[in-house]
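Data block below; observations after.
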Amino acid sequence: MFAPRRAAFSILVRSPWRHCHRSHGAAATKLSVREALGTNVDRGEKKVKIQGWVRSVRSQKEVLFLHVNDGSSLESLQIVADPDHKSSAIGFGSSVEVCGSLMRSPSKKQNVELKAEEIHVIGECDSKDFPFKVREHHPPEYTRQYPHLRCRRNTFSSLLRVRSAATSAIHHFFQSNGFILIHTPIITSNDCEGAGELFQVEAASRDRKPEGDSGFFGVPAFLTVSGQLHLEIMSGGFQKVFTFGPTFRAENSQSRRHLAEFYMVEAEISFTDRLEDIMQVMENLFKDTTAALLSTCPEDMNLFFKFVSPGQQSRLERVMKNNFIVMSYTEAIEILKKADTSFQHRTEWGCDLKTEHEKYLVRHCGDVPVFVINYPYDLKPFYARDNQDGPQRTVAAVDLLVPGIGELFGGSLREERLHILQSRLDRLGLTDTYQWYLDLRRFGSVPHSGFGMGFERYLQFVLGVDNIKDVIPFPRFSYSCLL
Ligand code: 4AD
Ligand code: MG
């Protein structure tokens, strides 16, 4: 049995902000929990200071055990203290600063532990009122009600670390493959997707509006639904560009894969005239990012594989080691027509693929992601390139469908031929609005293509998370904008 050595100074301070200093606070090195856990203590004890939130308290006759977490790792640091430290102020959820000696742990559960000499409670936490209870499983629907506190839960804290690592891996992927990052605007005067799912932006206060009825910007302005058109501009001066930022859709949907505010990763590549060129980049982006996550945050990923979505690890391995499948929209409709399932929505050539269709197609292909290419002309926005395989029959557009989610990426070759684009815009009555877009085809036009990936759907898919609201810090959707 481990018998704690009595510390020279053993004090508990409940003042709002008093640091360890009586014993050796000044000499102690401040470490994050992750750094403390990774410290080599074989060459003797090390005086350290850590700060974080108490995840558990276990009091025995001879010793007090605390687990302290500061968000730097899934694993908490075990604090071993003299029972004199016991106090009602040190409870689940309270914030503390602990100084003491980092040493090898006699237990097999962890390599190191911190023998506390001073424990300072920085902020108390009333366990009766705190919405989370120690060692209790709270379902995601419950946790979601507390967006201001849910980063204290292991699962959400792991999610946020994975999200951060994925952001960095995506930037690395593009930067190391010669793409230039473009900050496309959040406020824009165009509707890239033409689906009318726009949020309008206007000054809230009357006296901030300029004279007249023209509104703050003088033209109707909206939150962007996609950075594509601005990226297309930049692809007129660079071969490869990308953007990664928030996008907004006023979709009246509470579904488990739609948000009103979500992050999109978009790329545009000049001098490309085959869908294969972007499909390869999409597959590489997916696989390189996922491989980076598996190697940089294995503990966080494992938490999801073990507790959130059992079986997810092998599902993901299958996706990683197989080439993604390619089929045409026409083939997809043939498969759906022969399906022994009855779908809620129509499955005729010309109909949009709904989630139920997308999921069926992926299952049909052995749960490997499927690129569906060459969609009917009328199903895709004005910018998609006409395949000219019949009068306005199909366009060179591609969606990547993945298991359990459906559409993860959407992309296309862009219509770079001035006269074809002009007549499509004429028919849609958009010629005036898109003069600048036509200019891009007038002045040194090149064949180009691009795609967008929903970042939250990516996280949902990789981690096996059922609801998109649980992979973003502050979800916004119809009738909900907490905080
Ligand atoms: O298919 P979408 O609408 O494509 C575009 O916006 C193109 N302009 C992108 C481009 O080519 N640069 O959206 C791209 C992806 C979808 O495949 C989906 O993963 C995600 O964005 N997405 C959403 N994610 C969460 N909530 C929503 N409401 C989403 N709408 C689209
Ligand atoms: Mg789409």
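For ligands, and for the atoms within them, numbers begin at 1 and follow the listed sequence. Treat the numbers as computed from the prediction; the structure is a model and nothing was measured.
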Candidate list Asp378, Thr330, Asn387, test side chain to side chain donor-acceptor pair (under 3.5 Å), partner Thr394, passing option:
Asn387
Candidates Glu75, Arg55, Gln78 - the one meeting side chain to side chain donor-acceptor pair (under 3.5 Å) with His67:
Gln78
At a non-hydrogen distance cut-off of under 4.0 Å, which region of Ile468 contacts ligand 1 (side chain, backbone, both, or neither)?
side chain
Between Arg249, Glu266, Glu193, flag the one that comes closest to atom 13 (O) of ligand 1 by a heavy atom.
Arg249
Just heavy atoms, cut-off under 4.0 Å: does Met264 contact ligand 1 by side chain, backbone, both, or neither?
side chain
Heavy-atom contacts under 4.0 Å between Glu251 and ligand 1: side chain, backbone, both, or neither?
side chain
Heavy atom of the protein closest to atom 1 (O) of ligand 1 (residue, atom name, distance):
Glu407 OE2, 2.8 Å
Is the Lys NZ or Arg CZ of Arg441 less than 6.0 Å from the centre of Tyr437's six-membered ring, within 45° of the axis?
yes
With 2.8 Å as the limit, jot down which protein N, O or S atoms are around the Mg ion (ligand 2).
Glu407 OE2
Cation over ring, Lys469 on Phe477, under 6.0 Å and within 45°?
yes
Determine, using ring centers only, whether Phe173 and Phe242 are less than 6.0 Å apart.
no
In terms of ring plane angle, is the pair His171 and Phe244 parallel, tilted or perpendicular, where the classes change at 30° and 60°?
parallel
Should the ring pair Tyr329 and Tyr375 be called parallel, tilted or perpendicular, given that the plane angle runs from 0 to 90° and is split at 30 and 60?
tilted
Closer than 4.0 angstrom: is that true for some heavy atom of Tyr383 and an atom of ligand 1?
yes
Can the ring centroids of Tyr434 and Phe382 be said to lie less than 6.0 angstrom from one another?
yes
Ring-face cation of Arg315 near Phe305 (centre distance under 6.0 Å, axis angle within 45°):
no
Can you tell me the protein heavy atom closest to atom 26 (N) of ligand 1 and the distance?
Leu259 N, 3.0 Å
With ring-ring contact (aromatic ring centres under 6.0 Å, His included) as the criterion, how do Phe179 and Phe174 come out once you've worked through the C-alpha distance, each side chain's angles and the decisive distance to 0.1 Å?
CA-CA 5 Å; Phe179 286 76; Phe174 283 117; 4.9 Å; yes
For Asp126, check side chain to side chain contact (heavy atoms under 4.5 Å, CB included) against everything at least two apart and list the hits.
Lys128, Asp129
Gly454: numbered ligand 1 atoms lying under 4.0 Å from its heavy atoms:
15 (C), 19 (O), 20 (C), 21 (O)
How does Phe451 reach ligand 1, by side chain, by backbone, by both or by neither, if only non-hydrogen atoms under 4.0 Å count?
backbone
Does ligand 1 have an atom that lies less than 4.0 angstrom from a heavy atom of Arg257?
yes
Less than 4.0 Å is my threshold; does some heavy atom of Arg476 fall inside it relative to ligand 1?
no
